[in-house]
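Written out below as structure tokens is the structure these notes cover.
Protein chains get the first letters and strands the later ones, always in sequence-line order, with residue 1 at the start of each. Both backbone and side-chain heavy atoms feed into the values below; hydrogens, waters and symmetry mates do not.
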Amino acid sequence: MSEERSLKKQKVSDESTAEIVAEAAEEALRLHPHPQVDDTLVHHDNGEFAKFKRHQTTAYDAESLENNTINPFTGNEFSNQYFKILKGRRDLPVHAQRNEFLKVFQSTQIMVFVGETGSGKTTQIPQFVLFDDLPHLTGSQVACTQPRRVAAMSVAARVADELDVELGQEVGYSIRFENKTSNKTILKYMTDGMLLREAMEDHDLKRYSVIILDEAHERTLATDILMGLLKQVSIRRPDLKIIIMSATLDAEKFQKYFNDAPLLAVPGRTHPVEIYYTPEFQRDYLDAAIRTVLQIHATEDEGDILLFLTGEEEIEDACRKISLECDELIREQDCGPVDVYPLYGSLPPHQQQKIFNPAPQKLRPNGRPGRKIIISTNIAETSLTIDGIVYVVDPGFSKQKVYNPRIRVESLLVSPISKASAQQRAGRAGRTRPGKCFRLYTEEAFKKELIEQSYPEILRSNLASTVLELKKLGIDDLVHFDFMDPPAPETMMRALEELNYLQCLSDEGDLTALGRLSSQFPLDPMLAVMLIGSPAFNCSEEILSIVSLISVPSVFVRPASARKRADECKMQFAHPDGDHVTLLNVYEQFQSDDALQIGLHQWCRDNFLSYRSLTTAKSVRSQLRRIMEKFDLELNSTSREDDIRKALAAGFFMQVAKKKSGSKGYLTIKDNQEVLIHPSTVLAKDPEWVIYNEFVLTSKNYIRTVTAVNPEWLVELAPKYYNLEHFNKGDVKLSLERVIDSVETKKRVEDSKDKKKSKKKA
DNA sequence: GAGCACTGC
């Protein structure tokens, strides 16, 4: 073995991992100080815009070019399809206000644009901008952000058609795992997270002349950070124009935040929806929901029904009950036939597609019409739109993420929705014709108890990644950063503390080399640090797999009809060390020739594994691996499970629990939370010390995805964290004291041995 | 002896 390698090995015993990792990070960044973002943009001048003066054009100017026979952006002749689409575009509500839009756009740096659903804002406004900003003449780009990948892709495809260009050329999109743009691209649809990543390398977003933040009212974490950033960038870059696009309710807040930016509002195009409230409070919303759906089916005219519930189990249960009851209605009251479909995120795509099936045909020529009933989570509120819905049933609840900074736990809680959500849900009934929305709460409750807006994500999340991102964005003073809604100080403190223990931030709160390197990975900082540290334990290939698997939805599938068989299948992959290595086994067999021969889909079905999660994990893994290669982080592999467990301990040292003496449960280190190991674990007996991937608050406090570790590793790998002065008195502290004592004794013995050896040599 | 709302890099 090379000298270099043995030197690294030596280091493992002498230094804490944090130090090794920090050194590796310094080295990697010394070699690659500025990661390349993209290729250079080209200028394009077909002469078609010769008469245009940038930021002084009118709707008339633009429309005459649009009506021409030559595509001003490509120089090619327009297709027939182009003119067909153009006709439709001219009917959109935004079109009537094109001039008004241009005047505001030209007169100001930042504007707020309010457009309801169906106004055409997402497809048209960026095009209005193109004809006035003329990015192709200045070698710049117009960006339009979306909270979701599918939206970015499908809108880009639509706009490419509208402009009669090839997708990926003048109009493109950029999302994780796929960049469909070229150096000709002048309009780029992208996810908000993607723009944020670009900002981390180019703080002034210099390649863009206009940035449009669409769906800003959704207040995703990325949108919120981008808004704060853009507010600063706008001062440094007076030439940059910014458009915030949102639904009505929030408009004033956005205006105010952006120093009273002008606002333009365009009506939407939807049909009226009549709202009905229950006269009194409904104790059992599930029961009330089912009764309402049945009543609609028995008494209302033709039209499909959409019922909002909170989660998979509730939805499947309601589907069964409604199907049964409807059968009875058909038999006894001669009602029309129904198809009941569940809809939630973890449903396989081919099942999700079923919601677009046509409603069932009437049973006989003069019978009553058939109806489609869709029972859905919040996914149908924003991500998926279903035409043909006429009746919406809204019990007023959804599962929402909440963060408790005191115990550092994110969890899902069934909570009342906001007024904005309720309005959005009701709107789903009016997409094709006038509809009705049945709210299963009183009008009084709607007015007095529902909050106006759901809390933005930034107030409900662990902010470790966010703080690291902000630091990487060059924002040093987080305390005075102008958030639209500032997070709780305690949440910020927790994030800073965590990043400091991970050595991503120095004691002064400055970004360290390790912090800069960690921010390159699209991962939770803890996982990024673990990955960066893993080559020192000779197992970066293994940790790559494990990290990828824990950053995607669970790979284990457990259908209600075959729980036992699914559990048995899982046990075939079980590893005595714990759940992390079990995940690794799954991945390695997924990649094996055997699985390939059987066919990956079939193999996954046979083994009760999620094909979708495993393929996503594979994409994540290759993305992470590319970043490792880019920074020359060693890719190596081990045959010793202890190496893997040590590498895990080096990352998860803040998520440790110790078995309680005498009783069944565990106590988390430092916070002394009483927890149980989740029953899904493969661990047969309870180890004294475990690291865990997540803390889940459901019927009880559980820790999920756990691996047994040796406590001596922990105190050696993360001495700063295991400085016991910061621990509360108790069993855990006593045990740790003993561990530290024994580690120190061992060290002294070894030191004296070493001394004797060197004396002998001398 | 349980349950993953939904996104995103």
Side-chain angles (χ1 to χ4, degrees), chain A residues 145-152 174-179 190-201 215 218-226 308-317 343-347 376-384 397-402 410-415 417 421 454 456-458 460-461 465-466 468-469 472 518-525 527-528 548 550-560 563-564 566-567 570 610 612-613 616 619-620 623-624 627 664 676-681 683 694 696-705:
Chain A
T145 68
Q146 297 293 319
R148 281 168 293 280
R149 294 210 289 252
V150 269
S174 172
I175 57 175
R176 186 181 189 179
F177 306 130
E178 198 184 358
N179 180 7
M190 61 206 301
T191 46
D192 47 14
M194 203 69 205
L195 185 61
L196 193 58
R197 284 225 94 82
E198 284 188 9
M200 285 162 59
E201 300 310 332
E215 314 289 357
E218 288 195 26
R219 305 290 307 277
T220 65
L221 250 171
T223 297
D224 269 24
I225 302 171
L226 280 171
F308 285 101
L309 291 179
T310 64
E312 175 177 341
E313 200 177 275
E314 207 176 76
I315 287 169
E316 293 290 356
D317 190 42
L343 178 63
Y344 44 86
S346 57
L347 211 60
S376 170
T377 59
N378 255 1
I379 195 168
E381 197 180 298
T382 46
S383 309
L384 272 170
F397 292 97
S398 70
K399 273 191 193 168
Q400 288 164 34
K401 187 172 77 180
V402 287
E410 282 181 351
S411 51
L412 284 172
L413 214 64
V414 174
S415 336
I417 60 170
S421 268
S454 313
E457 204 184 351
I458 200 163
R460 299 183 284 121
S461 312
S465 307
T466 305
L468 191 64
E469 279 160 12
K472 187 73 204 324
S518 299
S519 73
Q520 294 290 326
F521 290 88
L523 286 174
D524 183 280
L527 296 181
S548 306
I550 54 188
S551 7
V552 300
S554 174
V555 296
F556 298 107
V557 177
R558 207 164 172 262
R563 286 185 184 163
K564 213 169 167 195
D567 291 348
K570 182 174 177 179
S610 161
R612 207 199 322 188
S613 287
T616 314
S619 311
V620 173
Q623 188 189 22
L624 299 176
I627 301 173
K664 257 182 65 182
L676 295 170
I677 294 184
H678 197 273
S680 62
T681 186
L683 286 173
E694 57 184 345
V696 280
L697 261 165
T698 51
S699 52
K700 296 186 183 106
N701 291 350
Y702 288 110
I703 48 175
R704 190 159 53 190
T705 315

Remember a base hit wins even if backbone is also touched, and classify [X] as base, sugar-phosphate or nothing at under 4.0 Å, heavy atoms.
X: A/Pro147; value: sugar-phosphate
X: A/Gln400; value: nothing
X: A/Asp567; value: base
X: A/Ile175; value: sugar-phosphate
X: A/Lys564; value: nothing
X: A/Arg176; value: base
X: A/Thr377; value: sugar-phosphate

Interatomic distance where [atom1] belongs to [X] and [atom2] belongs to [N] [whole Å]:
X: A/Lys401; N: B/dG8; atom1: NZ; atom2: P; value: 13 Å
X: A/Glu198; N: B/dC9; atom1: CD; atom2: P; value: 12 Å
X: A/Gln146; N: B/dT7; atom1: CD; atom2: C1'; value: 13 Å
X: A/Arg197; N: B/dC9; atom1: CZ; atom2: P; value: 10 Å
X: A/Asn701; N: B/dA2; atom1: CG; atom2: C1'; value: 14 Å
X: A/Leu226; N: B/dT7; atom1: CG; atom2: P; value: 20 Å
X: A/Lys570; N: B/dG1; atom1: NZ; atom2: P; value: 16 Å
X: A/Arg460; N: B/dA5; atom1: CZ; atom2: C1'; value: 10 Å

For this session: Verify whether one side chain among A/Ser421 and A/Glu381 offers a donor that lies under 3.5 Å from an acceptor in the other.
Result: yes

Problem set entry | A/Gln520-A/Glu201 side chain donor-acceptor pair, cut-off 3.5 Å | yes

For this session: Using a cut-off of strictly less than 4.0 Å, decide whether A/Lys399 has a side-chain nitrogen or oxygen near OP1 or OP2 of B/dC4.
Result: no

For this session: Indicate whether OP1 or OP2 belonging to B/dC9 is found under 4.0 Å from a side-chain N or O atom of A/Arg149.
Result: yes

Exercise. Under 3.5 Å, is there an N or O donor on one side and an acceptor on the other linking the side chain of A/Arg558 and the base of B/dA2?
Worked result: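 Indeed there is one.
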
Looking only at the side chain of [X] (C-beta and beyond, no hydrogens), which of the listed nucleotides [options] gets closest?
X: A/Tyr702; options: B/dC9, B/dA5, B/dA2; result: B/dA2
X: A/Thr191; options: B/dC4, B/dG8, B/dC6; result: B/dG8
X: A/Ile379; options: B/dC6, B/dC9, B/dC4; result: B/dC6
X: A/Leu412; options: B/dA2, B/dG8, B/dA5; result: B/dA5

For this session: Quick one: do A/Val620 and A/Phe177 satisfy side chain to side chain contact (heavy atoms under 4.5 Å, CB included)? Show the steps, please.
Result: CA-CA 8 Å; A/Val620 173; A/Phe177 306 130; 3.9 Å; yes

Problem set entry | Check against side chain to side chain contact (heavy atoms under 4.5 Å, CB included), A/Leu468 and A/Ser518 | CA-CA 9 Å; A/Leu468 191 64; A/Ser518 299; 4.1 Å; yes

For this session: Report the C-alpha distance between A/Leu624 and A/Phe521 in whole Å, list the side-chain angles of each, state the deciding distance to 0.1 Å, and finish with yes or no for side chain to side chain contact (heavy atoms under 4.5 Å, CB included).
Result: CA-CA 7 Å; A/Leu624 299 176; A/Phe521 290 88; 3.9 Å; yes

Problem set entry | 5′-ward residue of the pair A/Tyr344/A/Gln623 relative to DNA chain B |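 The answer here is A/Tyr344.
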
Exercise. Can A/Glu218 and A/Arg148 be said to form a salt bridge (Lys or Arg N to Asp or Glu O under 4.0 Å), step by step?
Worked result: CA-CA 11 Å; A/Glu218 288 195 26; A/Arg148 281 168 293 280; 2.8 Å; yes

